[in-house]
Every structure is written in C-alpha cells, then in structure tokens.
Amino acid sequence: MASIVRVTRSSSSLFAFGTRFYSTSAGISHASPSPSPPFLHGGGIRRDVAKDRNVQWVFLGCPGVGKGTYASRLSSLLGVPHIATGDLVREELASSGPLSQQLSEIVNQGKLVSDEIIVDLLSKRLEAGESKGESGFILDGFPRTMRQAEILGDVTDIDLVVNLKLPEEVLVEKCIGRRTCNQCGKGFNIAHINLKGENGKPGISMDPLLPPPNCMTKLITRADDTEEVVKARLRIYNETSQPLEDYYRSKGKLMEFDLPGGIPESWPRLLEALRLDDYEEKQSAVA
C-alpha cells in the first residue's frame, strides 16, 4: 500500500497534473485500475489495521452528513492525519491571502470550489504533512468530482472510499442547526432531529450536540448554513456525486454506509463495518 510519502513526494506534480488538465481540452486517460482490496462481507477490509495504520481512505457524503466527525474519530483511533478540504478552504477564507475574496463569494452562493483551487490547497497541506513526518491519511471532502478523482488516482492508491448517507431532510436540519464557538472554535449542533420511519425505511433520531455554558453565548452560524444555500449545495453535490460513486464502485473500493442515527448509534456500527470494533477495544484496554 502506498504511503503519504508517495503522495507528498508527488504533491508538486499533483498540482502540475491539475494545471495541465485545465489548460487542455483533451480528456484524461484512465489509469489502469489497481487490484481491488480484499473486502469482507459488509465492506470491511481483510487486514490487520492495528499493524498497518498507513491507511489511505476517502470519506464521501453530502454536506452536513458528518464526514468530518467520523473521519476525525477514525484519525484519532488509527493515528493518521485527517485532512478536510472544507477546513483548508475555511483557513484560506480567514486569511488575507489572494484567494480569500474569491472563495468568500463562491461559498456564500452555495457553489463548489473549483478543482484547481482545491488541488492547490491540498497540495500545500500534503507538503506540510510530509515535512512533519506524517504517514497515511483520511481525506474528507476530496475528491468531489471525477476530475479530482483522476488527479488523485494519478499520484496515489486509495484503499477504501466510505460513502456516508442520510435523508435530505435530515441533512438540511443538521446544516441549519450547526453552530461554532467563536472563542474555542469547537462545533456544536442545536437541531433535534426525529424523522419517523415510513415505506419500510427506519426512522432516524439525533439529539442536539449542545455547547457547555461557557460557550453558549459565543455561538455563531456559518454564513452558508441557510436553508436556501444548503439545498443548493445538496443539489450540486447530488449532480456530481453519482459518477464519482460509480467510479470507485467499479474499482471495488466503495463502501456505502447509511447512518442509523447520531454518533452513539452510528459509530459502533461504522467500526463494525470497517472491522475495527475489536481494534478500538484493544486501544481502550491499553489506554
């Protein structure tokens, strides 16, 4: 399995590849697919993750589905960096860099950031990680398009793509309920979701993730977390995600996971699907 060193060693070529793509009308040639990883029934990978933590995973899913939450937890469990392109964009927005104003207009209109900008930000993050000796990664929010998937596949091998799913009405409520403490920077959610099951589909219940008293008066809402903007983002995502899902499914790397509820219900089931439930128990025992 390739390590992040391979990615970061090629990170300058990652952006160069992207630049070449944007400067030509020719289509990208599909690389020869790597052998599919040996999946277990239910989507887990047949290997000892405890001994081989150089995982190179991607988390897909609509805005607000919880990619960052679960990717971050797995990052801590496995000891690999969690790289969220959404965070990279927000860091750039908060800076006085040349992209800040352009990104602000894109995000506030609910549009997706261009491939070129995302690749540039990701390349810089990978280079910074290499200098710190990082190994492996969990990507959150990248790739979002077929172009990005081809660029990523040109420089590294992705082991597994986890596609998290929730009904649209739940996603809208979750996004509108998001809050951030403007002092400590931690994220919370004031939405109390209780979707009744129908047509054979189970209901979904999610309790709010409320802040401690010292953060309660310091909560702010992201400018793009309005119902209109959220629905626009979901519509755009759905239009671009199907080819991406089909691409990774054809390579035998896609694991689709319907979230059954909030973190208490979903986390143990996700670990089970990834065949990591025993590993978490061992880590807890050592701690």
May I ask you to check whether over 12 heavy atoms, not counting those of [X], lie within 6.0 Å of atom [atom1]?
X      : atom1 : result
Lys186 : NZ    : no
Gln183 : CD    : no
Arg90  : CZ    : yes
Glu245 : CD    : yes

State, yes or no, whether a side-chain contact exists between [X] and [Y] at a heavy-atom distance under 4.5 Å.
X      : Y      : answer
Tyr70  : Val162 : no
Glu272 : Leu270 : no
Phe59  : Leu164 : yes
Leu166 : Cys62  : no
Trp57  : Leu78  : yes
Ile204 : Asn194 : no
Leu139 : Leu152 : yes
Ile138 : Val80  : yes

Taking atom types as modelled, is there a side-chain donor on [X] or [Y] under 3.5 Å from an acceptor on the other?
X      : Y      : result
Ser100 : Glu92  : no
Thr85  : Asp140 : no
Arg144 : Thr240 : no
Gln242 : Asp246 : yes

Output for pair (Ile236 CD1, Gln109 CD), nearest 0.5 Å, gives 10.0 Å

In Å and rounded to the nearest 0.5 Å, what is the CD1 to CG distance from Ile117 to Leu88?
12.5 Å

Do [Y] and [X] meet the salt-bridge criterion of a basic N to acidic O distance under 4.0 Å?
X      : Y      : answer
Arg249 : Glu256 : yes
Lys231 : Glu227 : yes
Arg178 : Asp225 : yes
Glu169 : Lys174 : no

Chi angles and distances behind the side chain to side chain donor-acceptor pair (under 3.5 Å) call for Asp115, Gln148:
CA-CA 6 Å; Asp115 294 346; Gln148 293 176 359; 2.8 Å; yes

Minimum heavy-atom separation for Asn108 to Ala223, with atom names?
OD1-CB, 3.5 Å

If every non-hydrogen atom of Pro208 is compared with every non-hydrogen atom of His192, which pair is closest and at what distance?
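Minimum heavy-atom separation between Pro208 and His192: CD-ND1, 3.3 Å.
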
Would you say [X]'s side chain and [Y]'s backbone share a donor-acceptor pair under 3.5 angstrom?
X      : Y      : value
Lys165 : Phe257 : no
Lys253 : Ile158 : yes
Glu150 : Arg147 : no
Ser266 : Gly261 : yes
Asp159 : Gln56  : yes
Lys124 : Asp120 : no

Can you list everything that forms a side-chain contact (heavy atoms from CB on, under 4.5 Å) with Pro63? Sequence neighbours excluded, please.
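side-chain contact (heavy atoms from CB on, under 4.5 Å) check on Pro63 returns Arg233, Leu234, Tyr237.
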
Going through the checks in order, is the salt bridge (charged side-chain N to carboxylate O under 4.0 Å, His left out) test met by Glu134 and Arg125?
CA-CA 11 Å; Glu134 288 181 349; Arg125 171 62 183 84; 3.1 Å; yes

Are Leu171 and Val229 in one and the same hydrophobic cluster, where Ile, Leu, Val, Met, Phe, Trp and Tyr link if side-chain heavy atoms are under 4.5 Å apart?
no

